[in-house]
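What follows is a single structure, written as structure tokens, with notes after it.
Atoms considered below: every heavy atom in the structure, side chains included; atoms not considered: hydrogens, waters and symmetry mates. Below, chains carry the letters A, B, ... as their sequence lines are ordered, and counting in each starts from 1. Everything quoted here is computed from the prediction, not taken from an experiment.
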Number of protein chains: 2
Amino acid sequence: MPSPLPSRSRGPKPTKVDPDHLLDAAQAVFAEEGLRAASLRAIARRAGCDPALIYYHFSSKEALFLALLNRRFPALLRDMARLAEPTDLRPTPLRLWEVLLIYHRYFKDDPGIRALIRGEIVRGAEGLGHLIEDQIRPMVGSIRQIFEQGIARGEVRPGVQPLLATFFLAKMQLEILDVLPAVLPLLMELPPEGAVLTGMRAWLEILWRGVALDASAPLPTLPYPQA
Amino acid sequence: MPSPLPSRSRGPKPTKVDPDHLLDAAQAVFAEEGLRAASLRAIARRAGCDPALIYYHFSSKEALFLALLNRRFPALLRDMARLAEPTDLRPTPLRLWEVLLIYHRYFKDDPGIRALIRGEIVRGAEGLGHLIEDQIRPMVGSIRQIFEQGIARGEVRPGVQPLLATFFLAKMQLEILDVLPAVLPLLMELPPEGAVLTGMRAWLEILWRGVALDASAPLPTLPYPQA
DNA sequence: ACCAATATTCAACACCTGTTGAATTGGACC
DNA sequence: GGTCCAATTCAACAGGTGTTGAATATTGGT
């Protein structure tokens with residue numbers, strides 16, 4: 001008979017696929033493929049479900065990505081804002097090191113977001129742009145304040161432009177997280193695991209000597225993140 | 001009659017579409033869209049011809065892109081190698097400034113290649129990777145030599161790792177060319193035209209103070225490129 | 001035991017992609 | 001004036017993309 005032979009596989013699964021699991025899969029695929037090349041079918045495959053299910057939980061691919069951003073940024077912004085409070089009287093180089101550590105903490109597992117910040121900003125605001133800017137502007141503001149306070153406290157040279165210094169600090173940290181582990185082993189004997197921390201440390205040394213009022217003053221001891 | 005009604009538009013045009021014109025169009029589209037998103041149809045549209053014509057001159061999209069690289073890199077590598085010759089006894093900061101200027105000269109009109117260098121290296125060698133590495137390795141080598149000579153001449157701190165310093169110098173220059181003009185006007189009163197040179201200058205000041213043996217020594221006067 | 005809401009899949013749509021083979025034309029040479 | 005080659009276009013292929021509407025199981029409430 002040409003009966004529509006009921007396929008067994010539809011309907012809810014025994015264990016629900018909750019949206020957070022979808023976000024995990026999406027993050028992984030965005031990380032590997034980049035924002036544009038990551039396909040919903042690949043994300044669905046990773047999550048072990050049908051592409052259409054993504055549309056049950058999120059209204060579009062873009063919405064899925066925005067949800068990904070909103071899962072990560074607010075906490076990052078909070079940490080960054082706390083660090084920039086003027087009541088924090090620790091030496092400026094130490095606070096800048098903390099900035100790098102916060103970056104490291106929030107971005108190390110998420111090349112997808114890094115790629116977005118790195119690349120998509122360049123192309124101008126294509127839909128996502130304005131929202132990213134909303135997230136990035138306060139972050140930039142916090143770091144900038146640290147530099148400004150550093151000048152006011154006589155630790156940073158007055159000639160240094162806080163905004164440019166912020167740009168250098170933050171941009172390079174993204175490059176260190178992204179590119180250094182891939183490139184350093186190719187060109188030198190350093191193992192990839194150590195590359196990031198070695199790079200961060202060398203970077204802060206150069207940047208700090210570059211902006212410090214007294215370049216010959218030694219760096220304070222920098223706390224390393226717990227492995 | 002169902003005669004095949006001879007279409008008028010085939011055959012050679014009055015003015016040939018030479019491959020170089022195709023490369024120009026490809027460069028423009030790669031620049032705007034990025035390597036992956038740039039379509040052959042868009043390139044053909046820009047060049048005013050049919051997509052199939054591209055396959056008459058180049059064997060594939062990848063070959064087209066490689067031809068683009070080969071049009072730019074050799075001259076860049078030559079300039080960079082000449083700059084790194086040990087007979088060049090000018091002060092190290094001035095030579096580093098020349099490195100930035102060479103970058104500026106060769107890359108300022110080609111965001112496509114910059115995007116490639118910035119992004120595609122990260123994803124590892126997917127076909128293009130190895131060739132890019134062949135072009136980039138000698139470039140990195142030249143800059144590194146300048147730092148090493150700087151140490152030998154007592155201008156650069158011995159503690160500085162030449163390879164990491166090279167990484168910082170070169171990477172940041174790409175960011176300055178790409179991101180700074182898009183971002184600075186958003187966050188500060190600087191006009192976009194001045195952003196690149198202002199950024200380059202501030203960057204060299206910080207980097208040089210960061211790596212110099214005597215951080216209090218003034219920078220030599222830096223020649224600006226002719227506008 | 002029924003019913004409604006929820007979570008899931010299937011199949012298709014329209015469109016875009018790199019690529020190719022055949023058809024066609026213009027110009028150069030003899 | 002005929003012949004050949006180089007340059008160009010057309011039409012199609014096979015595959016991938018985001019997205020949607022309908023069909024279908026499962027679960028929880030009453």
Across all chains, not counting sequence neighbours, the ring pair (Phe, Tyr, Trp, His ring centres under 6.0 Å) partners of A/F168 are B/W203
Under 4.0 Å between a side-chain nitrogen and a carboxylate oxygen: does that hold for A/R82 and A/D88?
no
A/L53 CG - C/dT8 P separation (whole Å):
5 Å
Provide the closest heavy-atom pair for B/L23 versus B/L68 in the form atom of the first, atom of the second, distance.
O-CD1, 3.5 Å
Please determine if a side-chain N or O atom of B/Y56 lies less than 4.0 Å away from the OP1 or OP2 oxygen of D/dA7.
yes
Whole-Å distance between D/dG18 C1' and A/F30 CZ?
12 Å
Please report, to 0.1 Å, the donor-acceptor pairs under 3.5 Å made by any side chain of residues 40-49 of chain B, with sequence neighbours excluded.
from, atom 1, to, atom 2, distance (Å)
B/R46, NH2, B/E32, OE2, 2.9

So, with a heavy-atom separation below 4.0 Å from DNA chain C, the residues of residues 20-29 of chain A are none
What pairs with A/E148 under side-chain hydrogen bond (donor to acceptor under 3.5 Å, both in side chains), at least two apart in sequence or on another chain?
A/R144
Qualifying residues under side-chain hydrogen bond (donor to acceptor under 3.5 Å, both in side chains), relative to A/E175, sequence neighbours excluded
B/K171
So A/K108 and A/D178, salt bridge (charged side-chain N to carboxylate O under 4.0 Å, His left out) or not? Walk me through it.
CA-CA 8 Å; A/K108 81 171 138 49; A/D178 258 322; over 6 Å; no
Closest non-hydrogen atom pair, A/A165 against A/V160:
CB-CG1, 3.9 Å
Sequence-aligned protein contact record of nucleotides 15-22 of chain C, with B where the base is within under 4.0 Å of a protein heavy atom and S where only the sugar-phosphate is:
--BBBB-B
Using whole Å, what does the distance between atom C1' of nucleotide D/dA6 and atom CG of B/D18 come to?
15 Å
